[in-house]
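This report concerns only the one structure given below.
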Amino acid sequence: MTPILPAGIRSLTFSLDETGTPFLILFAFLWTISALYAFATTPAGERARLFAYFVPSALGGVTVALAGDAISFYLCFALMAIPAWGLITHARTAEARRAGTIYLTLTAIGEALLLAALVIMAVEADSLALPVLAEAIGTSPLRDITVALLLASIGLKIGTLPASGVLPLSYTYTPAGAASALAGASAKVGALAMLRLLPAGVMPEEWSYAVMALGMATAFLAAILGTLTTTPRAVLGYSSASQMGLILVAAGVSLTSAEAAPLAYGAIVAFSLHHGLAKSALVLGDDVVSRLTGRARTAALAALALPALALVGAPLTSGFVAKYALKDAVHALHGTVPEAVYALLPWTAIGTAALMLRYFVLTRERTAETHVSPRVPVALWSLVLAAVALVVWMWPAHWNVHAIESALSLSSMWTALWPGLIAVAGWMALRYAPRGARRLNGIVPPGDVLLGLAAAVRAADRWLAGRSRSGGVTARGERADIAPALRATERSAVAWTAASTLFVLLVLLLVALSTR
Amino acid sequence: MTAWLPMLIPAIAGIATFALGESRGRARNAVNLTAAAMSMALVARLVVHAYNGTVVASTIPMLPGLELGMSADLLGLLFAAVATVLWGVTLVYAIGYMDHAADRARFFGFFALCIAAANGVALADDPLSLFIFYEILSLTTYPLVVHTGTPEALAAGRKYLFYALGGGAALLVGVAWLATIAGQTPFTPGGALTTVSGRTAELRVIFALMVAGFGVKAALMPLHGWLPGAMVAPAPVSSLLHAVAVVKAGVFGIIRLVNELYGPDLATSLGVATPLAILAAVSIIVASVIALRQDDFKRRLAYSTIAQLSYITLGTALCSPLAAAGALAHLAHHAVMKITMFFTAGSVYETLHVKKVSQMPGLARRMPLTMASFAVAAFALAGIPPLVGFASKWMLGVGSTQGGSVWALLVYVSSGALALGYMVPILTSALREGDHAPARGAESDPRMLWPIVTVGVLTVVLGLTAGLPGSPVHWAMTAIAPSFGGWTP
Amino acid sequence: MNVLAQLPGLLVVVPLAGAAISFVAGRRRAPHVALATALTVLALAVALAVHVLDDGPFRYQVGGWGAPLGIDLVADGAAALFLVLTAIVGLVVTLYATAYFRTDDETAYGHGLFWTLWLFMWTSLNALFLTGDVFNVYVCLELVGISAVTLVTIGGGAEALRAGARYLFASMLGAMTYLLGVALLYAATGQLDMDVLRTTLVADTTAATGLALMIAALVLKTALVPAHFWLPAAHGSAPSPVSAVLSSLVVKGSYFVILRLMLDVMPADYLPGVEIVLGVLGSAAIVWGSVQALLQTRIKQLVAYSTVAQIGYLFLVFPLARHGADVLTLALTGVLVHALSHGLAKAGLFLGAGSLMTRFGHDRIADMGGAVRSAPALTFGVALAGVTMMGLPPSGGFGAKWLLVSAALASGEWWWAAVLVTGGLLAAAYMFRLLSVLLKDTPTELHASKGDARTEWLPLALALGAVLLVLAIPLVSNLAAASNVLIHAGVTP
Amino acid sequence: MSTYLVYTAGGVLLYALGTYGLLAKRHLIHKVISANFMGSGVFLILIGLGNRSPEGGPDPVPQAMVLTGIVVTVALTALGLAIVKRYYTATGLDNLDDEPSAGGDR
């Protein structure tokens, strides 16, 4: 029997490998912190409701790093993603429900695409083991469709254009604790999927270029959308989408070049770790700030600078190392597109910096809610901040030591700094901007085109419903009743004279036939 | 003789139920439950025989040159086992559900006759015998559909009957035509028409006629119109219609037709398999999309059934061994999942008079065990591992890919996404705050609750144990293998 | 003297004697006489069937004269089948009538005559099935006709009288046409005995015209569309036991003569095109009768139009018979099974309709809701009879439909199969129009009347018989093989 | 031979007249009489047949048929008249009243 037949529970295998380890650490850390945070900040009456979804989601979110075969991976992916609906809709507001619906729809599509890809890979590899899958698909005639399915699935997970709204939607209405896990860990499963499933160095260059271009476009456009959105959480969501665009660039690199793949993988891991922690810290920070008053609030706002700077990629932060690793990876490719991407990469930091400024402003404006003791939240937040500060120095050396070394060079520090400075300058300049420009503030609701799409679907549904109703009425009205005509025909046919004449005609017919 | 018993035992129980009359409820329940237990034991014995390679069979002369035959092969036994086991579960449920209803003798009598006919369909050894039991099934189901006697039920019954009889007419012509050109053609794994395989034009028309016949019960679009309407029947009947006997008789007919009458090779070379596959694929997608838009709980489930049945048809029509086995396994798996759902629908209606998804808020707290079972079944239906639906969906997907039909795989996964789309809103609606206060005592009649929990647990257990010898997955592969020339997975 | 050889004579003499005795026995004892006669005739008919199965067809010379001067009776498989059918239906109808025509009901006009007339009609029917002489057919047909018309009017209502008058005039028209045909045939051939005609018939315009006239007349008696005009009124307004007999047996009598003339007496293509006309008219009957049945609002009219439709099936054998012995065997067996199953089911249906009308006190279908509650066995009987009408398995109707469809497909003329299938669906349509009302959940108080058990269960018994007939198809097939039609066509069983 | 033809022609004429009457005459007694016309027509033909072959004696069979036929026709006529009378008593009508134009059909 081939190993790809369904074998129920026996087909699930879990193991820890080199790729999984950093993710396991990241996921376990973030889900634990956010669980504690959520427990502390959720009113006792609502805890059961929240954790009914939180626990399975966390279980899936952590074990996905351990999944050793296609089915376990799919299971963990689903286990994390589907219950997250309950976290997003926890607030029970109409917006939260709508966000949940859109999220779940996209999740369902993403799961379907992933399953399709996994099935093809399993068939081509005649195995379920993850390490074998990516290798086997590289030489399969179904390679292109499989990679397309994978990219689409991962793209939905990490909020690539045009689904850039999915991350803001899933953070905005979620309680802070849960949101930090979603922000920090959930999208990183997409990064893990890139490492586990995408074949390295087998695709034509055009594929790679298209993916890289898409990644860059996401990075820039999400930043622009984010600066125009409404809440700090939404800003963070778009920031995540933007950063995930950069991860996609790294994935694009690995697709076509086997030599650059280790560099790209290093960049993906680095980005995941760095971004996961920093984003988690920012999400929690927003909530922590709102719980504080006075001097503590000011201190907290100041502390927000650490993860913010890390995201921008300021020197000596984790973001700096991650970005450097990415640059290295892109640099390993030659051609117009990689070179253009390479040139554009620093410019993405301007967008990130602008987002961080926007986030900072919005967070500062938040009104304080002081009814819960902030002690536990602050303590947990501090832990995450500490991790943000330290993680870069626990870098697994064999990935890309060059990145760490270059973090200490002055020239590269300048490269990292100027985009941030431009953003600050731009922000300052904005004060003197015409009123019309300022009105753009907050015109992008979290979810952007997805909201429009959802509205369109609802409208189509209403239209269909209306049409089928009116259609039914006309159909009934127009049905002609032939019964009276049939009855009348029979009545005249059985009337004596007509009927007996018919019979005589029948007789004549038979006689005529027989005497031919 | 033994081969006739799975059909005869329920038939006798049905007649006995009529004879006992309305007033002797205890005796009626005892007769039916005993018959169910006996049938289960008998089917189990036959399964053991069949696994060991002994197929119990028997024939009696019927029409000139044609015999009525029953044969307890693994393929048929799978369907018979589904019908028999779920009959037992449904009986308990129905006894609870129909506790205060009128005309129970009629209800349980026809119920047993339905199962008898389903078992007849399952074990029928040739097209004629299958056709006969198929038509009996149509007839014995009709009184159940119109059981309540309301104008709505009668209208639905009329619709059901016209679809069923129309399909039966097509099937009759197909079977008779085949008999005139090929004589007695007992089902043979891999195909029974080798002697007449040259008459391609006729064989194509016959195939189309038979598909039209089976397609009605299999609710293959556009022959599905009766199914949503038939939802007016009492819940145990809906369960029977949708999960156990009736619709499965249709897809089972298609399985027999493709694998054991024409055979995958002939069906492929005649070019009849692909159109069937496309029809099924369209049904899957269209029915799933329609299901998204239904507020009526049972109607939504009905459209889901239409989609899921076409899973089986599609898997069979792909003529790829693993897909065919997956289709057969899905026949059993879908039965377990869908019966959980219809039990739930019946239970919430009978307990709280909830009929629509939009009336469900608060239900999760009012009937937690029921809704939890439903949730498990719903996720199983959407194909979440390691639940039961995933196993067959995986097989179907892998089989499609192996057969070179990646498009079918995409249809399957899209339908999985759509299944989440129409199932989850039921759960989310039930999870909302709402009018239904938590129950003080039991959440519903225990005779309804425990069957639900049992089948709910079964969706998990069968999923976890998928692939073990005796599980539907293993069983289906063993039963399908001979049709593909001794293919081993 | 061999008793078995006397069976054809006995089958005519015994019911005739019964009729005479019942007339003098008086209204109270007449039912007992009729029952005793019915049982005896059944035994005789079964014995004849067994005898024919064992030894094949045989002739019986009435009075020992022999053809051409005397009148011969011919007992073959097909005749035996019709005789047994008549005996079974006859027995059940007699039993039913003992409840229906209650002896203490002194006001009912003419009820006392029922037994005599009915046994007399039975006599004529048996003679019709057995006779081997075309002129004797005329006599038997008229005897059947006279008793049938009288039985239709036995209730004495205006509607029944009108229907009876129409029936009588139609009967006269048919009789005279038939007689003219016989005259022409005799003018051309000088023969009246079917067996002699079979061997001596040569192409001849006068003979052909005569046969065409005879067949047309028989078509009228069988009420094939468009000559069905007298049937719905007559069968619909007669007392229910009479309707049952008329619909299930009487039309088969004239049909059996057509069958013998077309397939046995005449060489193939003797009347070219006539078999096609009969097939087309049969198809038209199936469709038109069913459609009209669907439109009826009164129960017995519905059942009567159903007969118009079901008669159509019987005529499909003629076009199919041109396609060789195999197809002929299938088709002939098919129509014989159909005649049997329709005979049983239609009698059951008419008796059931009668019981429903007695219980409800009216005949409007729309107001018969809730019958399933108060008379479940009766409703079930009607439903089962419906099943066999529709030709659904497992029922005799299914066997017939299967055989005819197979014959049509084997002949290559698949359109007859399409007609058959359409007919089944239309039958389903009109039967379920009735059933859906009976199954409706409307609480009703039905009239309780004496003889309820008999009037409730006997329709079910007949319907069950029609259903179980499917198991007897091998037997019917053997009887068909022992029929003169197939033996003379050279089919070896 | 010519005698036979005369009989036959007369018989056919009578038969046709009778057929017309049975079909077209509305009064029921007319119909009964018309049917008798038809019968007489056939009997005439049959009687003619009996004298067809001059070399042999008269053929007894047609005569037997005519006799039987007359008996049957008399019986039918009697029954017809009885029914017409009862129909008239019950409804006051002397025709079938079933033409759609008359509107009396049920």
Side-chain angles (χ1 to χ4, degrees), chain A residues 1 5-8 97 101 108 112 119 457-516, chain C residues 162-163 165-166 169-170 172-174 176-178 180-181 184 203-221 223-233 266 269-278 280-281 288-289 291-297 301 305 308:
Chain A
M1 288 217 178
L5 295 175
R97 278 209 193 97
T101 307
V119 168
V457 168
R458 271 194 299 274
D461 179 63
R462 268 195 301 277
W463 180 72
L464 272 177
R467 223 172 67 109
S468 64
R469 250 198 309 283
S470 59
V473 169
T474 49
R476 260 194 300 282
E478 282 167 10
R479 191 189 294 165
D481 193 359
I482 55 163
L486 289 170
R487 280 202 189 95
T489 312
E490 174 70 3
R491 210 164 26 239
S492 13
V494 301
W496 175 262
T497 308
S500 48
T501 311
L502 261 178
F503 169 68
V504 171
L505 290 177
L506 175 68
V507 172
L508 295 177
L509 171 69
L510 292 193
V511 169
L513 278 174
S514 22
T515 53
R516 262 188 306 182
Chain C
R162 188 203 313 271
R166 287 170 63 96
F169 291 129
M172 283 173 161
L173 185 59
M176 295 315 163
T177 311
Y178 185 86
L180 182 61
L184 293 182
D204 178 275
T205 311
T206 315
T209 310
L211 280 164
L213 285 170
M214 288 160 70
I215 284 168
L218 291 164
V219 160
L220 174 62
K221 296 257 175 191
L224 179 66
V225 165
H228 68 293
F229 56 91
W230 55 271
L231 186 144
M266 286 190 267
D269 253 2
Y270 192 77
L271 301 181
V274 167
E275 70 278 13
I276 307 285
V277 171
L278 292 180
V280 169
L281 291 180
W288 187 251
V291 168
Q292 289 301 324
L294 197 53
L295 295 172
Q296 298 307 310
T297 52
Q301 293 290 322
Y305 271 106
V308 171

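Given the structure is predicted, the values throughout are model-derived calculations rather than measurements. By convention in this document, chain letters (A, B, ...) are assigned in the order of the sequence lines, proteins followed by strands, and residues within each chain are numbered from 1.
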Practice task
State, to 0.1 Å, how close Ala216(C) and Phe503(A) come at their nearest heavy-atom pair, and which atoms those are.
Solution key: O-CE1, 3.2 Å
Handout entry: Part of Leu281(C) lying under 4.5 Å from any heavy atom of chain A
Key = side chain
Problem - Engaged part of Leu508(A) at the chain C interface, taking heavy atoms whose separation is under 4.5 Å - result: neither
Practice task
Output the distance between atom CG (Leu506(A)) and atom CG (Leu224(C)), rounded to the nearest 0.5 Å.
Solution key: 8.0 Å
Exercise for the section: Flag the one option from Leu220(C), Thr205(C), Thr209(C), Leu271(C) with the top tally of heavy-atom pairs under 4.5 Å to chain A. Expected result: Leu220(C)
Exercise for the section: Rounded to the nearest 0.5 Å, what's the gap from OG on Ser500(A) to CG on Leu173(C)? Could you check? Expected result: 6.5 Å
Practice task
Measure the CG-OG1 distance between Leu510(A) and Thr177(C) for me, rounded to the nearest 0.5 Å.
Solution key: 11.0 Å
Exercise for the section: Go through the atoms of Thr206(C) and report whether side chain, backbone, both or neither lie under 4.5 Å from a heavy atom of chain A. Expected result: neither
Completion exercise
Under 4.5 Å to a heavy atom of chain A? For Val274(C) that would be both
Fill in the blank from the handout: d(Gln296(C) CD, Arg487(A) CZ) to nearest 0.5 Å is 7.0 Å
Completion exercise
Looking only at Ala208(C), Pro272(C), Ala227(C), the option with the highest number of non-hydrogen pairs under 4.5 Å against chain A is Pro272(C)
Practice task
Indicate yes or no for a side-chain donor-acceptor contact from Glu490(A) to the backbone of Gly289(C) under 3.5 Å, with no hydrogens or angles considered.
Solution key: no
Handout entry: Contact class of Ala233(C) relative to chain A, heavy atoms under 4.5 angstrom
Key = neither
Exercise for the section: Apply side-chain contact (heavy atoms from CB on, under 4.5 Å) to the pair Val494(A) and Arg166(C), showing each step before the final yes or no. Expected result: CA-CA 10 Å; Val494(A) 301; Arg166(C) 287 170 63 96; 4.0 Å; yes
Problem - Residue Val219(C) versus chain A: region with a heavy atom under 4.5 Å - result: side chain
Practice task
Could you have a look at Phe229(C), Tyr270(C), Trp230(C) and say which one has the most heavy-atom pairs with chain A under 4.5 angstrom?
Solution key: Phe229(C)
